[in-house]
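All heavy atoms count here, side chains included; hydrogens, waters and symmetry mates do not.
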Amino acid sequence: MKDHKNSPIALEGLTFIIPVGAVALAAFFFGATRTAVLLSVATLFVVWFFRNPARKTPEDAKAIISPADGTVLKIEDVIDNEMVKGPFKKISIFMSIFNVHVNRVPVSGTVNKICYKEGKFLSANLDKASSLNERNSILVKTDDGKYILTVQIAGLIARRIVCWLKEGMYVIKGERFGLIQFGSRLELFLPFDTTISVRVGDKVKAGTTTIGYLT
């Protein structure tokens, strides 16, 4: 993955930060104080949104860590997925615009397949967003042959999914792998015999919260 993933601000945010900040400076220069203040606040918010804090990942080899900051929306049993055959334990996590949006790898292993699909931009807290919204699916095969599927799903405001991974790469649990800009949803498909350690409504943090254990 690219070295810029460790930057304290996700560099993809510069596309938004620089133009808004430049207009804010111009407004100050031309004496439009009220506009300048509003744009400065907007600039600070965008900088804060693209924050990319360091995290300490649990060392337990069997632990599956949360790939996203947010709230656990749903935990359910599902049969199949378009990427790999099931059954699975499926965990859905909703990220609001106030959460850190940099995503992290839930388990160590080899990136077996990546599949991007265009779609709608429904509110990410709706169940139908799973199948209808724009999404990027990443299938990782662990060293002991288990498959973990992570799906980045765009939301009502989120209009761009970023993924720094490529098929064939070896990834380490807890490392950054991408982000979804401005509110979104992330789903995990885990082996059916996984022990789940979170409940619906729990707040989780990418790279630090253990959401389950492989058997």
Side-chain angles (χ1 to χ4, degrees), residues 1-56 65-74 92-105 116-130 132-136 150-165 174-187 200-209:
M1 280 180 280
K2 299 177 182 179
D3 291 336
H4 73 213
K5 69 182 184 295
N6 295 318
S7 170
I9 300 295
L11 299 189
E12 285 76 7
L14 296 180
T15 303
F16 302 91
I17 296 168
I18 292 174
V20 178
V23 175
L25 289 174
F28 274 118
F29 181 79
F30 289 107
T33 305
R34 180 175 297 179
T35 299
V37 169
L38 290 175
L39 288 172
S40 296
V41 171
T43 302
L44 290 174
F45 173 79
V46 177
V47 170
W48 177 76
F49 175 86
F50 282 100
R51 65 198 184 280
N52 185 19
R55 297 277 170 84
K56 183 173 177 57
I65 59 97
S66 177
D69 284 31
T71 304
V72 177
L73 276 181
K74 201 169 186 179
S92 301
I93 300 169
F94 175 70
M95 294 179 281
S96 76
I97 60 172
F98 302 107
N99 292 125
V100 172
H101 271 57
V102 173
N103 302 141
R104 291 176 180 260
V105 178
Y116 168 80
K117 287 199 172 184
E118 295 183 350
K120 298 182 178 181
F121 296 97
L122 304 174
S123 179
N125 62 345
L126 300 175
D127 286 341
K128 57 185 177 181
S130 297
L132 298 179
N133 280 21
E134 175 182 317
R135 61 194 182 277
N136 187 58
T150 305
V151 184
Q152 298 171 290
I153 301 172
L156 182 65
I157 302 174
R159 296 289 166 141
R160 188 185 176 205
I161 295 173
V162 177
C163 179
W164 301 320
L165 300 178
E175 67 179 319
R176 303 158 172 97
F177 76 85
L179 69 153
I180 317 173
Q181 295 174 179
F182 301 112
S184 44
R185 178 186 183 118
L186 198 142
E187 295 180 340
V200 172
D202 283 357
K203 304 294 184 183
V204 294
K205 285 191 174 184
T208 61
T209 303

Check V37 against F28 and note the closest heavy-atom contact, atom names and distance.
N-CZ, 4.2 Å

Heavy-atom pair of closest approach, residues G13 and V46
O-CG1, 4.5 Å

Are W164 and E175 close enough, and set up right, to give a side chain to side chain donor-acceptor pair (under 3.5 Å), and what steps lead you there?
CA-CA 11 Å; W164 301 320; E175 67 179 319; over 6 Å; no

So which heavy atom on A206 is nearest to which on D69, and how close?
N-OD1, 2.7 Å

Ring centroid separation F50 to F16 under 6.0 Å
yes

Should S66 and V72 count as side-chain neighbours, where that means a heavy-atom distance under 4.5 Å?
no

Considering residues, nucleotides and ligands other than F98, do more than 12 of their heavy atoms fall under 6.0 Å from its CZ?
no

Test your reading of the model: is there a side-chain donor-acceptor pair from N103 to the backbone of A68, 3.5 Å cut-off?
no

Where N136 and C163 come nearest, the two heavy atoms and their spacing:
ND2-CB, 3.5 Å

Could you tell me the separation between the CZ atom of R185 and the OG atom of S96, rounded to the nearest 0.5 Å?
14.0 Å

Looking only at heavy atoms, what is the nearest atom pair of G174 and R104, with distance?
O-NH1, 2.7 Å

Would you mind telling me which of V102, I9, V100 makes a side chain to side chain contact (heavy atoms under 4.5 Å, CB included) with N52?
V102

Return the CZ to OG1 distance between R55 and T208, rounded to the nearest 0.5 Å.
5.5 Å

Atom pair NZ/CD1 of K205 and I65 - distance to nearest 0.5 Å:
13.5 Å

Value rounded to 0.5 Å, distance of CD1 in I180 from CE in M95:
4.0 Å

What is the minimum heavy-atom distance between R176 and P53, and which atoms define it?
NH2-O, 3.1 Å

If I take atom CZ from residue R135 and atom CD from residue Q152, how far apart are they, to the nearest 0.5 angstrom?
12.5 Å

What's the separation between atom CG in L44 and atom CG in L39, rounded to the nearest 0.5 Å?
11.0 Å

Checking the side chain of T71 only, and the main-chain atoms of L73 only, is there a donor and an acceptor separated by less than 3.5 Å?
no

